[in-house]
Amino acid sequence: MNKLTVTLLSALASTSVLAGPNDVLHLYNWSGSLSDATIKRFEKSCDCRVVQDFYGDNEEMLAKLSAGAKGYDVVFPSSFVIQPMVKQKLLQPLNKQLIPNLRNVDPAYLNQSYDPGNRYEVPTVLSLTSVGYNDVRLKKLGVDPTSWSVIFDPKVLARIKGKVTVLDSPREVFSAAMFYLGKDPNKATEADYRAAKDVIARAKPYWAAFSNASYLKELAVGNIWVALGYSTEFHQAAEDAKAARRPFKVAMSAQREGNELGVDTMAILASAKRPDLAHKFINFMLDGKNAAELTNLNGATNPVKTAEPFFRADLKANPVVNPTPQTVAKWTVLREQTPKERRLMNRLWTQVKAGH
């Protein structure tokens, strides 16, 4: 080879990035959100390896990355931390030419206020803050779980007193109370927050507990009959109750007054060493069959339109997991609160929990 050929080959070797057996994609992910089968199929498709680290909540993930943690390519932040991550320059813009499967995503879930134009992320897992319940107990008592009255109306709660839990989260509970009052949490005034506080205070004596974790197990064994929580958790409780052959089903329902839709996304870190593999992974997860595996694993509502044919039959028939466009129109993705709103809400929450 002549000198020019050697020089060109050396330059190509140093600039091109080809996926081979020694290539690794690093994911920083929620625990249990991807099946081994999905990971193995992606590894085969790209001739690479996938290594995952896990986090338990957005605050943990954000704190680690803000402190300078490197070595991850793809992260899965919830919608409300996208803007803080962008402000800290933790994310890089997506190259949409490398994500042709973006066309598979339902437009209803795109172009949200937290990331106009989906410059930095694409939605992947949706969870509805809603009501999970014991179908036998509520049917016997004639209690309607399709309204927030099952959580907030003392007349209804009197029939299920001590068998109801709500999330130990002021944002979730205040938002649900505002829906009950016919208010939009994203446009709430101080008067709306105070009205919601009064609703919560009147309902609290009928609740058994504030619970972020134990309600899944308590629903599955029948100790509680109603919970304000997340649809993905209700799915797991239903699976557990079924596996244990309980004489009831754990069901879930959206509420006709409206619900909060939580969105987990896929994004590429600014410090990613393999943005090429990261884009391939995002595109892979927006394929209908691969996206459906997320829903079949954790009961998540799915933003990928082409996933539905691959859903389990019971999940395809579930109006929370597989909603109509009319239903989705009633669901709200919460915006980031202002510091003033957050202080007011937390002060009112403290008063409620202290019994004031």
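Everything numeric here is computed off the predicted structure, so don't read it as measured data.
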(message) Restricting to non-hydrogen atoms, name the atom on A291 and the atom on A307 that form the minimum distance, rounded to 0.1 Å.
(response) CB-CB, 4.1 Å

(message) Tell me whether Q97 at atom CD has more than 12 heavy atoms from other residues, nucleotides or ligands lying less than 6.0 Å away.
(response) no

(request) Check whether V173 and L334 end up in the same hydrophobic cluster, where Ile, Leu, Val, Met, Phe, Trp and Tyr are linked by side-chain heavy atoms less than 4.5 Å apart. (result) no

(message) Hydrogens and angles aside, do R335 and S113 bring a side-chain donor and acceptor to less than 3.5 Å of each other?
(response) no

(request) May I ask you to decide whether R41 forms a salt bridge with D36, counting only side-chain N to carboxylate O separations under 4.0 Å? (result) no

(message) Using ring-ring contact (aromatic ring centres under 6.0 Å, His included), reason through Y28 and Y55 one step at a time and then give a plain yes or no.
(response) CA-CA 7 Å; Y28 194 24; Y55 54 89; 4.7 Å; yes

(request) Kindly say whether S253 contributes a backbone atom to a donor-acceptor pair with the side chain of N318 at under 3.5 angstrom? (result) no

(request) Could you verify whether a donor N or O on one side chain and an acceptor N or O on the other, from Y230 and E172, lie under 3.5 Å apart? (result) yes

(message) Assess the residue pair E341 and Y193 against the criterion (side chain to side chain contact (heavy atoms under 4.5 Å, CB included)); give the C-alpha distance rounded to whole Å, side-chain angles, the decisive distance to 0.1 Å, and a yes or no.
(response) CA-CA 9 Å; E341 288 171 328; Y193 275 99; 4.0 Å; yes

(request) Determine, step by step, whether D53 and N29 satisfy the side chain to side chain contact (heavy atoms under 4.5 Å, CB included) criterion, reporting the C-alpha distance in whole Å, the side-chain angles of both residues, the deciding distance to 0.1 Å, and the verdict. (result) CA-CA 6 Å; D53 278 352; N29 199 1; over 6 Å; no

(request) Without swapping roles, check the side chain of K40 against the backbone of S35 for a donor-acceptor pair under 3.5 Å. (result) no

(request) Give the C-alpha distance, both sets of side-chain angles, the deciding distance and a yes or no for side chain to side chain contact (heavy atoms under 4.5 Å, CB included) between L157 and V150. (result) CA-CA 6 Å; L157 288 167; V150 73; over 6 Å; no

(message) Is there a side-chain contact between F80 and Y114 in this structure, where contact means two heavy atoms from C-beta onward sitting under 4.5 Å apart?
(response) no

(message) Any donor-acceptor pair under 3.5 Å linking the side-chain atoms of N118 with those of E121?
(response) yes

(message) Heavy-atom count check: over 12 atoms from other residues, nucleotides or ligands less than 6.0 Å from K242 NZ?
(response) no

(request) Decide yes or no for W30 and M61: does some side-chain heavy atom of the first lie under 4.5 Å from some side-chain heavy atom of the second? (result) no

(request) State plainly whether the residues K289 and D287 are in salt-bridge range, i.e. N to O under 4.0 Å. (result) no

(request) Give a yes or no on whether the backbone of Q236 and the side-chain of N298 come within a donor-acceptor separation of less than 3.5 Å. (result) no

(request) Please assess Y133 against W225 for the test side chain to side chain contact (heavy atoms under 4.5 Å, CB included), listing each intermediate value before the final yes or no. (result) CA-CA 5 Å; Y133 60 95; W225 303 342; over 6 Å; no

(request) Quick one: pull up CD in Q255 and CZ in F152 and give me the separation to the nearest 0.5 Å. (result) 9.5 Å

(message) In this structure, would L315 and F310 fall into the same cluster of hydrophobic residues linked by side-chain contacts under 4.5 Å?
(response) no

(request) Using a 4.5 Å cut-off on heavy atoms from C-beta on, say whether the side chain of S130 contacts that of F234. (result) yes

(message) Counting C-beta onward and ignoring hydrogens, is there a side-chain heavy-atom pair between I268 and D73 closer than 4.5 Å?
(response) no

(message) With a 4.0 Å cut-off on N to O distance, would you call E190 and R194 a salt bridge?
(response) yes

(message) Tell me if a side-chain donor or acceptor on N212 pairs with a main-chain N or O of D168 at a distance below 3.5 Å.
(response) yes

(request) In plain terms, say whether K187 and D192 are close enough for a salt bridge, that is, a side-chain N and a carboxylate O under 4.0 Å apart. (result) no

(message) I'd like to know if L98 and F42 are part of one continuous hydrophobic network [Ile/Leu/Val/Met/Phe/Trp/Tyr, side-chain heavy atoms within less than 4.5 Å].
(response) no

(request) Flag yes if more than 12 heavy atoms outside K163 fall under 6.0 Å of its NZ atom; otherwise flag no. (result) yes

(request) Answer yes or no: is there an ion pair linking K155 with D153, defined by an N-O contact shorter than 4.0 Å? (result) no

(request) Kindly check if the number of other-residue, nucleotide or ligand heavy atoms within 6.0 Å of CG (N111) is above 12? (result) yes

(message) Using a 3.5 Å distance criterion without hydrogens, assess whether the side chain of E218 forms a donor-acceptor pair with backbone atoms of I224.
(response) no

(message) Membership question, hydrophobic clusters at under 4.5 Å side-chain separation (ILVMFWY): are W349 and I151 in the same one?
(response) yes

(message) Can you confirm whether L34 sits close enough to L294 that some side-chain heavy atom of one is under 4.5 Å from a side-chain heavy atom of the other?
(response) yes

(request) Kindly say whether H279 contributes a backbone atom to a donor-acceptor pair with the side chain of N283 at under 3.5 angstrom? (result) no

(request) Measure the spacing between CZ of R103 and OG1 of T306 and express it to the nearest 0.5 Å. (result) 9.0 Å

(message) Rounded at 0.5 Å granularity, tell me how far OG1 in T38 sits from CZ in F284.
(response) 6.5 Å

(request) Using a strict 4.0 Å threshold on nitrogen-to-oxygen distance, state whether R171 and E260 make a salt bridge. (result) no

(message) Using the rule side chain to side chain donor-acceptor pair (under 3.5 Å), only one of H26, K64, Q52 pairs with Y72; which is it?
(response) K64

(request) Give the minimum heavy-atom separation between Y215 and A227, together with the two atoms involved. (result) CD1-CB, 4.0 Å

(message) For a 4.5 angstrom cut-off between non-hydrogen side-chain atoms, does T295 reach V321?
(response) yes

(message) Under the rule for side chain to side chain donor-acceptor pair (under 3.5 Å), what residues qualify as partners of K204, not counting sequence neighbours?
(response) none

(request) State whether the number of non-hydrogen atoms from other residues, nucleotides or ligands found under 6.0 Å of K353 atom NZ is greater than 12. (result) yes

(message) Looking at D264 and V125, would you say the former's side chain and the latter's main chain have a donor-acceptor pair under 3.5 Å?
(response) no

(message) Ignoring hydrogens and geometry beyond distance, is a side-chain donor-acceptor pair present between E257 and S147 at under 3.5 Å?
(response) yes

(message) Can you tell me which residue among L277, V24, L25 is in a side chain to side chain contact (heavy atoms under 4.5 Å, CB included) with R49?
(response) V24

(request) Can you measure from OG1 (T129) to CG (L261) and round to the nearest 0.5 angstrom? (result) 8.5 Å

(request) For residues P303 and T124, report the shortest heavy-atom separation together with the two atoms involved. (result) CD-O, 3.5 Å

(message) Using side-chain heavy atoms (C-beta onward) and a distance below 4.5 Å, is L90 in contact with S66?
(response) yes

(request) Kindly indicate whether the side chain of F281, heavy atoms from C-beta on, has any atom under 4.5 Å from the side chain of M266. (result) yes

(message) Please determine whether residues I99 and Y120 belong to a single hydrophobic cluster, defined as Ile, Leu, Val, Met, Phe, Trp and Tyr linked transitively by side-chain heavy-atom distances below 4.5 Å.
(response) yes

